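Here the structure is a predicted model, which is why all the values come from computation and not from measurement. Naming convention: chains lettered A, B, ... in sequence-line order (proteins, then strands); numbering from 1 in each chain.
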Protein chains: 2
Amino acid sequence: MKEEFRLDNQLCFRLYTASRLLTQAYNPLLSAHGLTYPQYLVLLVLWENDAQPVNDIAKRLCLETNTVTPLVQRMEKQGIVTRAKGTNDARQIIVSLTDKGQQLQTALTDVPLAVGGAIACKSLTPETVPALFQTLDDMIAQLKKNLKRDT
Amino acid sequence: MKEEFRLDNQLCFRLYTASRLLTQAYNPLLSAHGLTYPQYLVLLVLWENDAQPVNDIAKRLCLETNTVTPLVQRMEKQGIVTRAKGTNDARQIIVSLTDKGQQLQTALTDVPLAVGGAIACKSLTPETVPALFQTLDDMIAQLKKNLKRDT
DNA sequence: GTTATTTATATCGTTCGCGATACAAAAGTA
DNA sequence: TACTTTTGTATCGCGAACGATATAAATAAC
């Protein structure tokens, strides 16, 4: 049995598990407001910059538009966002927050702190987190470059 | 705009993105053999210990059995594993590798190295990886504890 | 100005991932 | 033994993710 095949040596499995479990920690907090985690991410993007085309949202979240389109359509049905044809470019669909979407920012104020509590452990300190962020950002940049190259 | 809502301050988004992109790096290598990444994870588990009940596989991968059951059913259809009723406990379904499943280990020998190449970056060195693994393992353990508690 | 190419979004099909639920086998209890 | 509870697996439904494909609008090429 090759050492590289051991599950305990897999970086990807760790990321995959950490990502899923951390998302699960968000779930009760978000579903109380009828949201899923990817929908919450779209909200984060729009709270930073309202009225963006689908493509910009997808790029910001490193998702394909065929993932974001139905996601945003569901959010439109819930009255969280509106979708309108772009004026400059008629191909674009501009996604904007409704009042309800804006107000969710207030309703979800406690979410970051609550999730922070669920994840708090001795390996995550103000000293270690920046290095962790740096490593993940570096990995993500590297993967983006390599994945794009194969297209 | 609260600082905690900024996408660039989100650990979960980084993990989510890194996990997805790294899985995408596996994809061409795995799909060449008709496999998906979660199916590859099941293989890793069975290569370590053949003939395990669905529940043990699910626990090892931190997945629910209702995720693993259809996953393994698809692998059975492909002739990679067999599913047989347990002898001690008639409720269990024991999942075992077929010859084809065993041989995939040889066919996929180069996968870990190839993925390692796609992810190689200056933040991932023999010095930093152990700390990264430790942090992720610590986070995962913490999340498991907290998620279980809410049940 | 017409044609070819690219770009932005959408639709379709398949696989995950998981909450909710169902059901039979096993274990515990009266 | 009869009854209750727990456990292992499966089914159902829904929301991601994403490859493949379609379509219209914008851009480039000629």
- Query: If you look at every strand shown and take non-hydrogen atoms under 4.0 Å, does A/T36 touch a base, only sugar-phosphate, or nothing?
  - Reply: sugar-phosphate
- Send over the distance from B/I93 CD1 to D/dG8 P, rounded to a whole Å. 13 Å
- Single hit among A/E3, A/E4, A/R14 for side-chain hydrogen bond (donor to acceptor under 3.5 Å, both in side chains) with A/N9: A/E3
- Picking from D/dC18, D/dA17, D/dA25, which would you name as closest to the side chain of B/Y16? D/dA17
- Note on the structure: Distance col, row A/R60:CZ vs B/T17:OG1, nearest 0.5 angstrom, shows 10.0 Å
- Round to the nearest Å and state the distance from A/L63 atom CG to C/dA8 atom P. 16 Å
- Touch class at under 4.0 angstrom, heavy-atom based, for A/P53 against every strand present: sugar-phosphate
- Note on the structure: Side-chain contact check for B/R74: nearest option of C/dA8, D/dT9, C/dT15 is C/dT15
- Query: Does B/R91 make a side-chain donor-acceptor contact with the base of C/dA25, cut-off 3.5 Å?
  - Reply: yes
- Query: Once you round it to whole Å, what is the distance between P of C/dC16 and CG of B/N27?
  - Reply: 10 Å
- Query: Rounding to a whole Å, what distance do you find between B/K59:NZ and C/dC18:P?
  - Reply: 15 Å
- Query: Among A/L41, A/V42, A/L30, which residue meets the side-chain contact (heavy atoms from CB on, under 4.5 Å) test with A/L35?
  - Reply: A/L30
- Can you tell me how far P of D/dC18 sits from CG of A/L147, to the nearest Å? 10 Å
- From D/dA17, D/dT11, C/dC16, nucleotide with atom closest to B/R20 side chain: D/dA17
- Message: With a cut-off of less than 4.0 Å, is there a side-chain N or O of A/Q73 near OP1 or OP2 of D/dG15?
- Response: no
- Query: Are any of A/Q39's side-chain N or O atoms less than 4.0 Å away from OP1 or OP2 of D/dA16?
  - Reply: yes
- Note on the structure: Walking DNA chain D from its 5' end, the first of A/N88 and A/L71 to be reached, judged by nearest nucleotide, is A/L71
- Item | Whole-Å gap separating C1' (C/dA8) and CZ (A/R83) | 12 Å
- Task: Round to the nearest Å and state the distance from A/K85 atom NZ to D/dA24 atom P.
- Result: 11 Å
- Any chance you could measure A/K59, atom NZ, to A/L61, atom CG, to the nearest 0.5 Å? 12.0 Å
- Query: Do the side chain of A/N66 and the base of D/dG19 come within less than 3.5 angstrom through a donor-acceptor pair of N or O atoms?
  - Reply: yes
- Hey, which of these two, A/Q92 or B/T67, hits DNA chain C nearer its 5' end, going by closest nucleotide? A/Q92
- Note on the structure: Among D/dT7, C/dT15, C/dC18, the one nearest any side-chain atom of A/Q24 is C/dC18
- Message: Can you identify which nucleotide, out of C/dT9, D/dA10, C/dC18, has its nearest atom closest to the B/T69 side chain?
- Response: D/dA10
- May I have the step-by-step check of side chain to side chain contact (heavy atoms under 4.5 Å, CB included) for A/Q142 and B/I119, ending in yes or no? CA-CA 6 Å; A/Q142 189 67 29; B/I119 203 189; 5.7 Å; no
- Item | Distance in Å, B/L97 CG paired with B/L46 CG, rounded so as to fall on 0.5 Å steps | 4.5 Å
- Between CD of A/E64 and C1' of C/dA8 the distance, given in whole Å, is 13 Å
